[in-house]
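Shown next, in structure tokens, is the structure this report addresses.
Worth knowing before you read on, the calculation uses all heavy atoms, side chains too, and leaves out hydrogens, waters and symmetry mates.
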Amino acid sequence: MQSAVETNLLTLLGLGAQSIFAALLAVLLRRFHRRHRRPYLLEWSYAWWAFCAAQAGGMYGVANLGILAADHWSRLAATALSQTGALWHGAWMLLGTYAISTGRTFDRRGRLALLAGLALLGSLSAFAYAFDPGAARERLFVRVGVRALILSVALVAAGAAMWRFYRRSTATGPRFVSFAFFACGLHQGLLFGIAGGWLGLGYGLGLGYLDLLLIGLLGLSTVVWLLEEEHFRLTDASRQIEQLAFFDMVTGLPNRKLFLDRLRQEMELSAQEGKGAALLFLDLDHFKRINDSYGHDVGDLALAAVAERLRHSVREGDVVGRLGGDEFTVLLPGVASPAEAAAAAGQLLERLREPLSAGGHRMVLAASVGSSLFPADGDDPGTLLRKADIAMYRAKEAGRNRHVGFDDAMSESSRERYALELALRSENLASQLVLHYQPIVKSGSGEIVGAEALVRWLHPERGLLPPVEFLPVAEASGAAEVISDWVLESACRQCAEWRQRFHDGLTVSVNLTARAFESPRLLETVDRALTRSGLPAHALELEITETMALLSGGEPLATLGRLRQRGARVAVDDFGIGYSSLSYLRELPIGTVKLDSSFIRELGRRPEDSRIVGAVIQLAHGLGMDVVAEGVEEEEQMAVLEMLYCDKMQGFLFSRPLPPADFEALMDAARPFRAARAPSPDPGG
């Protein structure tokens with residue numbers, strides 16, 4: 001009797017230890033789930049709570065063994081709880097493995113059907129043979145054998161799914177869990193054989209403690225796996241933090257911080273080995289128009305495409321970085337001469353000019369490149385970068401889409417540029433601006449029918465500055481919009497006064513800067529200038545460059561259309577010096593074509609120039625546009641243009657740009673400009 005009591009007590013202790021261990025594991029899994037929000041952790045937490053319920057039912061049955069009959073309602077309820085809990089334990093283990101393997105959870109209706117079916121099976125197995133005292137062996141098989149068979153299949157299937165899903169992983173935790181699943185499944189298979197009487201073994205304390213050992217193995221391997229995943233997660237987070245800190249998210253290139261560090265290392269190595277290095281600073285030309293026309297998402301794709309092209313265009317060992325915006329840098333170790341740097345920059349520019357596709361849009365990009373050399377131009381990263389940046393701005397001022405190497409004269413020029421930027425930010429800037437006007441003459445009659453307004457800056461220290469000396473700086477510093485607004489209002493007001501004083505056919509032309517042309521305020525500014533001055537819209541002509549016309553799209557193109565609807569005219573200035581495309585003349589809302597002076601210079605001496613000018617004039621007239629010839633300096637040029645039916649002319653032959661008072665004196669003289677001799681019958685010959 002004492003032996004049976006001791007056996008029951010040891011069995012209770014074993015079941016209790018299993019229950020406590022399972023509860024701790026369930027709590028741990030639930031906490032991991034709250035932190036990582038992974039569905040399989042919640043499923044497995046439920047599985048171990050179900051195991052606790054199964055062990056609690058088993059403990060009640062063992063405690064009342066020999067005290068209560070097998071058909072007592074409390075023992076039946078405890079047995080049903082034990083059976084159902086064990087079956088649910090296996091089910092939730094499978095559900096968790098399913099979530100790992102597929103990345104999704106079982107649907108709610110299917111889950112409820114599975115759990116309800118297992119609960120029914122557990123209850124039926126509890127009642128089977130309960131009312132037959134002589135059917136102890138059959139009762140053992142139904143309660144233990146059937147449950148063991150189901151659990152064996154479930155645990156082996158879970159182990160196989162885990163192994164298959166993680167077979168290519170470098171993690172060891174999932175393999176431990178798979179092994180523990182297999183071991184627990186084989187143990188349940190052993191219990192099935194014992195319950196069926198096929199193995200000739202009895203169910204004793206050894207099997208109970210083997211249960212505890214295997215549960216401990218499964219729980220420990222699960223904890224190892226979770227801790228390993230936590231380690232991997234922290235490692236990935238650290239890697240992501242490093243990526244954010246040192247690499248650009250759009251292009252994947254080293255950012256400013258990492259690039260400067262690489263530059264510093266290369267300079268130290270080059271100094272030790274007595275070698276040189278070159279630094280290229282690239283800025284994409286007119287990239288803002290890509291963002292404005294297609295959106296920033298397409299702009300980011302274009303930047304990524306440029307980065308990929310740069311990566312594949314440099315040598316192994318060269319370093320490409322992105323400083324921000326549309327600025328890129330390239331470090332060229334071993335490049336010590338200006339000629340080598342220029343050759344490398346030329347190759348990059350050629351690659352960048354090749355068409356690329358971004359977001360389904362085909363586009364052609366160009367860049368301005370500046371370069372500096374180590375050690376000739378500096379011995380620290382900041383100095384090299386600053387000088388390459390200065391050289392890049394010189395490339396932009398020289399016409400963009402080119403390379404310029406740094407020289408010492410640029411430093412003084414850069415200081416002057418900075419001084420100009422400060423002066424342009426002055427609140428008194430508008431009071432220092434003046435307008436000069438160059439007359440536009442009607443062909444044939446020689447009558448002055450218009451004036452082009454040209455801004456000058458009366459600098460407090462440097463005197464009267466032409467626009468070429470300050471407008472590029474104003475564009476970069478943000479002062480161009482202030483200047484454009486002032487020029488537009490002043491020119492409209494002056495033209496309105498002259499129309500009353502001289503004749504009402506007089507017009508005024510105003511050059512738009514790229515920043516003013518792209519500004520969403522342009523229409524509002526034009527409307528305000530016309531309203532305040534009283535100038536009719538048809539008397540105002542806004543001039544844009546040929547490059548701006550070609551690259552216009554989206555909102556800028558719509559703005560041109562709205563200006564034309566208001567009655568204002570749009571002229572393309574310097575036609576023929578950019579990427580000439582006659583097709584855009586009919587696609588854009590343009591009213592006037594201004595021929596560049598390079599076509600006018602040899603008129604009367606080179607037949608091909610006369611033919612080109614004549615063809616452009618005929619095309620423009622066919623599209624309903626006027627033609628103005630710029631840079632007319634000789635009477636022979638004027639005569640040829642009259643013969644080719646050019647509508648209007650301007651140039652030094654008629655007058656240089658004049659202050660308002662001198663322009664008024666020219667108008668008062670009322671002297672028509674006419675050719676001194678009749679044009680020859682064949683000006684092209």
Does a sphere of radius 6.0 Å around OH in Y645 hold more than 12 heavy atoms from other residues, nucleotides or ligands, not counting ones at 6.0 Å or beyond?
-> no

Look at the side chain of K594 and the backbone N and O of A571, then say whether any donor-acceptor pair between them is shorter than 3.5 Å.
-> no

What's the verdict on salt bridge (charged side-chain N to carboxylate O under 4.0 Å, His left out) for R528 and E524, showing C-alpha distance, side-chain angles and the deciding distance?
-> CA-CA 6 Å; R528 183 174 60 248; E524 176 186 342; 3.8 Å; yes

Q500 side chain vs A496 backbone, donor-acceptor pair below 3.5 Å = no

Mind checking whether R562 and R566 have side chains closer than 4.5 Å, heavy atoms only?
-> yes

Test: K288 and D326 ion pair at under 4.0 Å | no

Over all heavy atoms of both residues, which pair between A341 and L280 is shortest? Give the atoms and the distance, please.
-> O-CD2, 4.2 Å

In sequence, state the C-alpha distance, the side-chain angles, and the governing distance for E354 and L356, and then conclude on side-chain contact (heavy atoms from CB on, under 4.5 Å).
-> CA-CA 6 Å; E354 296 174 8; L356 60 84; over 6 Å; no

Using a distance-only test with no angle check, is there a side-chain donor-acceptor pair under 3.5 angstrom linking D285 and S368?
-> yes

Would you find a donor on one side and an acceptor on the other, under 3.5 Å apart, between the side chain of R499 and the backbone of L506?
-> yes

Backbone N/O of G444 and side chain of E642: donor-acceptor pair under 3.5 Å = yes

Could you tell me which non-hydrogen atom of T383 sits nearest to which non-hydrogen atom of G378, and how far apart they are?
-> CG2-CA, 4.1 Å

Would you find a donor on one side and an acceptor on the other, under 3.5 Å apart, between the side chain of Q438 and the backbone of S655?
-> yes

CD/Q432 to CG/L464 distance, rounded to the nearest 0.5 angstrom?
-> 11.5 Å

Full working for side-chain contact (heavy atoms from CB on, under 4.5 Å) between V298 and N291 = CA-CA 7 Å; V298 174; N291 285 330; over 6 Å; no

Residues K387 and D407 bridged, charged N to O under 4.0 Å | no

Looking at CE of M643 and CG of L603, how far apart are the two atoms once the value is rounded to the nearest 0.5 Å?
-> 9.0 Å

Indicate yes or no for a side-chain donor-acceptor contact from S443 to the backbone of C646 under 3.5 Å, with no hydrogens or angles considered.
-> yes

Do the side-chain N and O atoms of E541 and S509 include a donor-acceptor pair separated by under 3.5 angstrom?
-> yes

Decide yes or no for V616 and V627: does some side-chain heavy atom of the first lie under 4.5 Å from some side-chain heavy atom of the second?
-> no

Decide salt bridge (charged side-chain N to carboxylate O under 4.0 Å, His left out) for E664 and R501; before the verdict, give the C-alpha distance in whole Å, the side-chain angles of both, and the deciding distance to 0.1 Å.
-> CA-CA 9 Å; E664 291 172 2; R501 177 173 173 178; 3.1 Å; yes

Do the side chains of I440 and M649 get nearer than 4.5 Å, heavy atoms only?
-> no

State whether a side-chain donor-acceptor pair under 3.5 Å links D647 with H621.
-> yes

Could you state the interatomic distance from OG (S484) to CG (L512), rounded to the nearest 0.5 Å?
-> 6.5 Å

Hey, does L542 have a side-chain heavy atom less than 4.5 Å from the side chain of V526?
-> yes

For the student: nearest non-hydrogen atoms of L563 and L522, plus distance | CD1-CD2, 4.2 Å

State, yes or no, whether a side-chain contact exists between L310 and L348 at a heavy-atom distance under 4.5 Å.
-> yes

Check L641 against A629 and note the closest heavy-atom contact, atom names and distance.
-> CD1-CB, 3.5 Å

Of all heavy-atom pairs between H403 and A342, which one has the smallest distance, and what is that distance?
-> CE1-CA, 3.6 Å

side-chain contact (heavy atoms from CB on, under 4.5 Å) between H361 and I290, worked out = CA-CA 10 Å; H361 301 279; I290 300 294; over 6 Å; no

Counting N and O atoms only, with roles assigned by atom type, does the side chain of R402 sit under 3.5 Å from a partner on the main chain of R400, one being a donor and the other an acceptor?
-> yes

Output yes when a side-chain donor or acceptor of D377 lies under 3.5 Å from a complementary backbone atom of L373, and no otherwise.
-> yes

Using modelled atom types only, decide if a donor and an acceptor are shared between the side chain of Q618 and the backbone of A615 within a distance under 3.5 Å.
-> no

Residue pair L331 / D318, side-chain heavy-atom distance below 4.5 Å | no

Heavy-atom pair with the smallest gap, counting every atom of T525 and D485 = CG2-OD1, 3.3 Å

Side chain to side chain, M638 and F654, heavy atoms closer than 4.5 Å = yes

Check: R322/T251 side-chain N/O donor and acceptor closer than 3.5 Å | no

Please examine the side chains of V593 and L619, heavy atoms only from C-beta on, and report whether any two atoms are closer than 4.5 Å.
-> no

Please round to the nearest 0.5 Å and tell me the distance separating atom OG of S610 and atom CD of Q637.
-> 10.0 Å

Report the relative orientation of the aromatic rings in F663 and W498; use parallel for angles under 30°, tilted for 30 to 60°, perpendicular for over 60°.
-> parallel

Where the side chain of R569 meets the backbone of G591, is there a donor-acceptor pair that is under 3.5 Å apart?
-> yes

Quick one: pull up CE in M392 and OG in S371 and give me the separation to the nearest 0.5 Å.
-> 12.0 Å

From CG (D389) to CZ (R394), nearest 0.5 Å = 10.0 Å

Q494 and E497: CA distance, side-chain angles, deciding distance, side-chain contact (heavy atoms from CB on, under 4.5 Å) verdict | CA-CA 5 Å; Q494 184 67 79; E497 294 177 3; 3.5 Å; yes

